[in-house]
Amino acid sequence: TVADLQGLKQGQLKLSVITTAKYVIPRLLGPFCQRYPGIDVSLKVTNHEGLQERLNDNLDDLYILSQPPVTPDVLCHEFLDNPLVVLAPMNHPLALQKNIPIERLNGEPFIMREPGSGTRQAVQKMFEERGVAVKVRLDLGSNEAIKQAIAGGLGISVLSRHVLTLDGWQSQLTILDVEGFPIPRQWYAIYPSGKQLSVVAQTFFDYLLNEGKQAIESSTKIYQQQE
Ligand code: PGA
């Protein structure tokens, strides 16, 4: 039977994901592990730089990140949008404005992700291209801490929209409608092209690509509807 075949898939799955993917990948693991009870998962969450190092050291089966290395040595499959949005406290003066010109962010108190973060790179590139100079008040290595700092009134930030899923932040933070945003970005599942995936890793890879998007979308629907 199908259940017997599923029971045959046994072993460890080693994953590493960038910090923004930690908001959705653990949710996908629930149904996956129910279907394949013989599979144990080890999940490492790190920023872009840390993930690149793990990839170079060949530590995991699969890696989930937004900016795949430009080299033929990895196989790379896009599986979900990961838009970067401007987040502000509910009572920010720009909260209700539409089509805010990007120049309006000049001098805004800003909370930036730490060096080594892919989010930081994407934000800095955008500001550089558009000649925008925000006032970086704080540089913080955690999406969660940045949400707290925004809510506390330290400034605005640019983070993945996925950091807002599920936990009721909608009542404290708002997405500003700034020209040029969201910055389009995607999540990719990658692995070294020279590496034969284990049966277990291949099973998760197929699950992610075939069913992942739908599973994530249904679990984040509540937030999307309120936007
Ligand atoms: P980060 O990764 O955690 O390094 O910012 C997110 C991204 O690259 O989109």
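For clarity, every value in this text was computed on a predicted model and none was experimentally measured. By convention here, the first residue in the shown sequence is residue 1.
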Listed partners of [X] passing side chain to side chain donor-acceptor pair (under 3.5 Å), at least two apart:
{"X": "R185", "result": "none"}
{"X": "T20", "result": "W187"}
{"X": "N58", "result": "K195"}

For [X], side chain to side chain contact (heavy atoms under 4.5 Å, CB included) partners two or more places apart:
{"X": "V132", "value": "I102, L105, N106, F127, R130, V134"}
{"X": "A149", "value": "I111, L138, L140, L154"}
{"X": "K44", "value": "S16, R54"}
{"X": "C33", "value": "V41"}

Looking only at non-hydrogen atoms, find the nearest pair between [X] and [Y] and report the distance.
{"X": "A122", "Y": "L84", "answer": "CB-CD1, 3.7 Å"}
{"X": "Q12", "Y": "D61", "answer": "O-OD2, 3.8 Å"}
{"X": "Y23", "Y": "E144", "answer": "OH-OE2, 2.5 Å"}

- [ ] Kindly work out whether a path of hydrophobic side-chain contacts (I/L/V/M/F/W/Y, heavy atoms less than 4.5 Å apart) joins V158 to I150.
- [x] no

- [ ] Considering only NZ, NE, NH1 and NH2 on the basic side and carboxylate oxygens on the acidic side, decide whether E128 and K125 come within less than 4.0 Å.
- [x] no

With a cut-off of 3.5 Å and sequence neighbours excluded, list every side-chain donor-acceptor pair involving residues 88-99.
from	atom 1	to	atom 2	distance (Å)
H92	ND1	L94	N	3.0
H92	NE2	E108	OE1	3.1

TODO: Could you check if a side-chain atom of L87 sits within less than 4.5 angstrom of a side-chain atom of L164, using non-hydrogen atoms only?
DONE: yes

Task: Side-chain heavy atoms of F181 within contact of M126, under 4.5 Å - done: yes

Can you give me every donor-acceptor pair (side chain of residues 64-71, partner residue at least two apart or in another chain, under 3.5 Å) with its distance?
from	atom 1	to	atom 2	distance (Å)
S66	OG	N82	ND2	3.2
T71	OG1	D73	N	2.8
T71	OG1	D73	OD2	3.4

Task: Sequence neighbours excluded - ring pair (Phe, Tyr, Trp, His ring centres under 6.0 Å) pairs with any residue from residues 42-76 - done: none

- [ ] Please collect all side-chain hydrogen bond (donor to acceptor under 3.5 Å, both in side chains) contacts where either partner lies in residues 134-143, sequence neighbours excluded, each pair once.
- [x] T19-N143, R113-N143, R120-D139

For residues 204-211, which side-chain N or O atoms pair as donor and acceptor with protein atoms under 3.5 Å away, sequence neighbours left out?
from	atom 1	to	atom 2	distance (Å)
D206	OD1	Q202	NE2	3.1
Y207	OH	L28	O	3.2
N210	ND2	D206	O	3.1
E211	OE1	R35	NH2	2.7
E211	OE2	R35	NH1	3.0

Open item on the list: When you compare the side chains of Q196 and Y191, does any donor N or O come within less than 3.5 Å of an acceptor on the partner?
Closed with: no

